[in-house]
Amino acid sequence: MLTQAPKGTQDILPEDSYFWQAAEQIMREVCDLFGYREVRTPMFEHTELFQRSVGDTTDVVQKEMYTFLDKGARSVTLKPEGTAGVARAFLEGKLFAGPLPLKMYYVNCPCFRYEKPQAGRLREFHQNGIEVFGAKDASCDAEVIALALELVKRCGIKDLCLSINSIGCPDCRKKYFELLTEFLEPKVDQLCPDCKGRFARNPLRILDCKEEKCQHAIEGAPSMLAHLCPDCQAHFDQLQQYLSALGVEYALDSRIVRGLDYYTKTVFEVIARTPSGNLTVCGGGRYDGLVEELGGPSTPGIGFGMGLERLLMVQKAQGAAPEVPCLYEVFVCTLGAQARLEGVKLVSELRGAGIKADLDHAARSLKAQFKYADKTGAPRVIVLADDELQRGVVKLRDMRESAEREIARDELIQFLKK
RNA sequence: GUGGAUGUAGCUCAGUUUGGUUAGAGUGCCAGGUUGUGGCCCUGGAGGUCGUGGGUUCGAGCCCCAUCAUCCACCCCA
């Protein structure tokens, strides 16, 4: 128990941390290129924020939140997703008064959901994400999607599939709900127990149900896409034109619903195919009503979240993980007390010159020092003993070529730098 | 939250059928073979409360119960 991380959490050990850093680096580079700046928000928020934004009836809010009372009897919640906190910060920081659109990104943001863990689904997970406020045009939807794809591609991931859908605005959704409800009403008895509940709360979800009898019941049901209001329809058409202009391939998938209430119009997923199955690495959409819902001025918004654990899983499964740089460029092996003293000085000089270097701190034999150097992948090893010390030289061994040469101590750093 | 599978050395796994002395292998780790040199080879060493707790039994890694964890499928989503 004591030596076991809590259920659904994970350590990122030194052997893996490089992959995370690489993904974070790519996120920063691409976002910078697209004109986004970083935002950092608290790991927990007032519970009410998520109830209002994500939505009271969603699974996330109803049964998956880490909610507790702090010592001041305030109900706070570890954030289950990234958008709500950023929207709150946008309002609290009065950023709506600045130039819009405002484009923001966040990196390695910890999120928490109390779920039964399995591969690619943890209780603490991490997201990279972006949010744009004040851009209503579909060109922004296309840019956000293109950015997501660019990120995933730069992480070396192949076999990608982009699915898009429009779930309309509250107006057309309300009308569609009525149509769907009317259609399903006579068939409620045929639905699975889950869907009987969904019928009252959110009939859209029934479309996703895998139960055979529900699939049968929804045959011939009206589709959302066929009942968008003129404005939403135009927006969706434009999005597709922009995507085509950008050369982005996409598939329409009316089953993408997104389980968070704030979504409007465009919703999308980036799915990666792997030998062990398909995985959604990125999901997002437009949320034109969110800022207003939280008490701010009517401001359109759009964004996505990208699951880092999933991204790295796919990267690994596809053999696309980046090559990890060697720990040391030079490892110094010494023999004897005097040489060791000199070795410590040498390592310090090497580091001062920006060369990654170290020497044996375990007081081991020369042979063991070499073994260790080899295991760390050091391409070069320096040997320093009394003999070299007296002659003012070091031996420099190229571990890959298994070739060794002597170099004057004074010229070593200059030699290594070129 | 529902259903199923699995927990033995750092890692991958034998051993459980049919309970029986001191629980094994490969790999990894440490050391020696070479008191000045890595990889290959040889030798040796360390490392296990057999997930945890209880029960049955003269005796449990093996049988029974509970519990925890992991994995898979749902649900949901990143």
Side-chain angles (χ1 to χ4, degrees), chain A residues 1-10 13 15 54 58-64 79-83 108-129 148 152 192-195 197-198 202 205 208-211 256-260 263 267-272 276-277 279-285 303-314 331-336 339 360 362 364-389 394-404:
Chain A
M1 201 64 180
L2 194 62
T3 56
Q4 195 163 49
K7 184 168 179 159
T9 67
Q10 216 175 43
L13 299 173
E15 62 195 31
V54 174
T58 58
D59 279 10
V60 169
V61 168
Q62 281 200 331
K63 46 189 195 190
E64 294 175 359
K79 57 180 162 187
E81 54 92 53
T83 301
N108 196 217
C109 162
C111 295
F112 303 85
R113 288 185 203 170
Y114 191 88
E115 290 189 275
K116 196 159 167 179
Q118 63 190 60
R121 199 177 72 185
L122 293 154
R123 287 182 175 180
E124 182 191 24
F125 60 101
H126 300 80
Q127 287 189 348
N128 287 349
V152 179
C192 73
D194 279 347
C195 283
R198 288 175 186 138
N202 189 350
R205 289 251 170 278
D208 279 344
C209 188
K210 312 277 191 304
E211 291 280 336
I256 301 177
V257 176
R258 307 268 108 222
L260 313 177
Y263 284 116
V267 290
F268 68 94
E269 280 183 7
V270 177
I271 298 155
S276 53
L279 211 57
T280 300
V281 293
C282 176
F304 67 71
M306 183 171 285
L308 272 300
E309 282 83 359
R310 288 184 182 183
L311 191 76
L312 298 189
M313 253 174 96
V314 172
F331 192 82
V332 176
C333 296
T334 65
L335 198 63
D360 171 54
R364 285 185 285 209
S365 69
L366 189 66
K367 177 182 175 135
Q369 293 179 47
F370 262 87
K371 274 194 168 178
Y372 180 73
D374 188 41
K375 277 171 206 156
T376 65
R380 285 163 155 165
V381 167
I382 283 171
V383 185
L384 195 53
D386 289 346
D387 176 44
E388 285 83 9
L389 219 53
V394 298
K395 285 225 169 68
L396 180 64
R397 184 176 179 83
D398 185 315
M399 295 295 272
R400 283 162 197 166
E401 302 293 325
S402 293
E404 209 163 286

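Residue numbering restarts at 1 for every chain, and letters A, B, ... go by the order of the sequence lines. What you are looking at is a predicted structure, and each value in this text was computed from that prediction instead of being measured.
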ask   = What distance, rounded to whole Å, do you find between the two P atoms, one in B:rG61 and one in B:rG53?
value = 13 Å
query = Are the side chains of A:Val152 and A:Met306 in touch, meaning some heavy atoms are under 4.5 Å apart?
reply = yes
ask   = Quick one: which of B:rG38, B:rU2, B:rA31 gets closest to the side chain of A:Lys116?
value = B:rU2
inquiry  = Taking B:rG24 as the reference, what is the distance to B:rA31 when you measure between their P atoms (whole Å, please)?
reply    = 26 Å
query = On a whole-Å scale, what distance lies between the C1' atoms belonging to B:rA60 and B:rU49?
reply = 14 Å
task = Would you mind telling me which of B:rA31, B:rC77, B:rG36 lies closest to the side-chain atoms of A:Val383?
result = B:rG36
Position toward the 5' end of RNA chain B (nearest nucleotide), A:Gly8 or A:Leu308 = A:Gly8
inquiry  = Applying side-chain contact (heavy atoms from CB on, under 4.5 Å), can you list everything that pairs with A:Glu115, at least two apart in sequence or on another chain?
reply    = A:Glu64, A:Arg113, A:Arg121
ask   = Whole-Å distance between B:rU35 P and A:Asp387 CG?
value = 17 Å
task = Please state whether the base of B:rU70 and the side chain of A:Lys7 form at least one donor-acceptor pair under 3.5 Å?
result = no
request  = Taking only the side-chain heavy atoms of A:Ala119 (C-beta and beyond), determine which of B:rC77, B:rA31, B:rC71 contains the nearest atom.
outcome  = B:rC71
ask   = Nearest of B:rC68, B:rG38, B:rU2 to any side-chain atom of A:Phe370?
value = B:rG38
Inter-nucleotide C1' distance (B:rA46, B:rU27), Å rounded = 16 Å
N/O contacts under 3.5 Å, protein versus nucleotides 49-53 of chain B?
none

message = How many whole angstroms separate atom CD of A:Gln369 from atom P of B:rG36?
response = 12 Å
task = Could you check which of B:rU34, B:rA31, B:rG1 has an atom nearest any side-chain atom of A:Tyr114?
result = B:rG1
